[in-house]
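Reading through the structure tokens given below for one structure.
Whatever order the structure lists ligands and atoms in, that order sets their numbers, starting from 1. The shown structure was predicted, so the numbers you read here are calculated from the model rather than taken from an experiment.
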Amino acid sequence: MGEPELAARLSAIDERIAEAALRAGRDPGEITRIVVTKFHPAQLVRELRALGVVEVGENRQQELTAKRAELRTDQDPALDDLRWHFIGQAQTNKAAAIRRASDAVHSVDRVRLADALHRAAEDDGALDVLVQVNLTTDAGRGGSALDEAESLAEHVLRLDSLRLRGVMAVAPLDEEPARAFARLRSVADRIRGLAPEATWISAGMTADFVSAIDAGATHLRIGSAITGPRPARG
Ligand SMILES: *Cc1c(COP(=O)(O)O)cnc(C)c1O
């Protein structure tokens, strides 16, 4: 991919984010844009870093671990500033590998996964985590049921190696995103009642980030609009 194109797409999206924030009466500076680099080679992360990107997202543990091994920070110190967000469904038996490779895990959707991430702590540092909420009626999609999200958040709060930062969700395919994000907003507000520091709302992708900003999203996870179409997986 040509770097000029990548730079142009990145700045076009950042402009749209800033406009949407201002229209919603929000400060663009309170919104974090995470670039989702899944399926793309590690080289793309290097190019993004050279353009000033520090927040990147991956949805598969193996791919995340492989990219981090390839992007050795001793060879390129600028890579040391990257913050890696894990945004995919997580298998409990991969929790240690996910924890090792991530700065934040957005997809904590069950007690067993929270416990596994907690057990995987290797030092005194706390891992930033979000409770993922399923906004669909399909239990097979990732995320805790809406009415179980608060009790999951309470459980996470008891695990001292995890720092609860807020909530995450993906909009359903068959519903107006604004309506779905309103439900996320209310569960986010309730969880903030339990934990005032849990202020993150991770929502909004290429197709729906403007609605997410309207609904109070603090962390957008944007892939294809910035990276271009994802290569087919081998
Ligand atoms: C792939 C992915 C994104 C980014 O999707 P785009 O439509 O390419 O912006 C965001 N969130 C999650 C959980 C994803 O898996």
Inset, instruction - Let me see the working for Asp128 and His85 under side chain to side chain donor-acceptor pair (under 3.5 Å), right down to the final yes or no. - result: CA-CA 9 Å; Asp128 284 340; His85 297 259; over 6 Å; no
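Nearest protein heavy-atom neighbour of atom 11 (N) of ligand 1: Arg221 NE, 2.9 Å. Scanning the protein for heavy atoms near atom 14 (C) of ligand 1, the closest one is Lys38 NZ, 3.0 Å. Given atom 5 (O) of ligand 1, the protein heavy atom at minimum distance is Met205 CE, 3.4 Å. Atom 9 (O) of ligand 1 has as its closest protein heavy atom Thr206 OG1, 2.6 Å. Residue, atom and distance of the protein heavy atom nearest to atom 13 (C) of ligand 1 are Ile87 O, 3.5 Å.
Under a 4.0 Å criterion applied to the non-hydrogen atoms of Ile222, ligand 1 contributes the atoms 9 (O). The contact set between ligand 1 and Ser224, taken as ligand atoms under 4.0 Å from a residue heavy atom, comprises 6 (P), 7 (O), 8 (O), 9 (O).
Checked against a 3.5 angstrom limit, the closest N/O atoms of Gly223 and ligand 1 fall inside it.
Tested against Ser202 for a side chain to side chain donor-acceptor pair (under 3.5 Å), the candidates His106, Gln132, His219 yield a single pass: His106.
Salt bridge present: Lys67 and Glu58 bring a charged side-chain N and a carboxylate O closer than 4.0 Å.
Taking a 4.0 Å cut-off on heavy atoms, Arg230 registers as neighbouring ligand 1.
Atoms CD1 and CG, from Ile226 and Leu44 in turn, are 10.0 Å apart once rounded to the nearest 0.5 Å.
Side-chain N/O atoms of Thr136 and Asn134 include a donor and acceptor closer than 3.5 Å. Between Ser11 and Glu15, the side chains place no donor N or O within less than 3.5 Å of an acceptor N or O (distance only, hydrogens not considered).
For the pair Leu10 and Val53, the minimum side-chain heavy-atom distance is below 4.5 Å.
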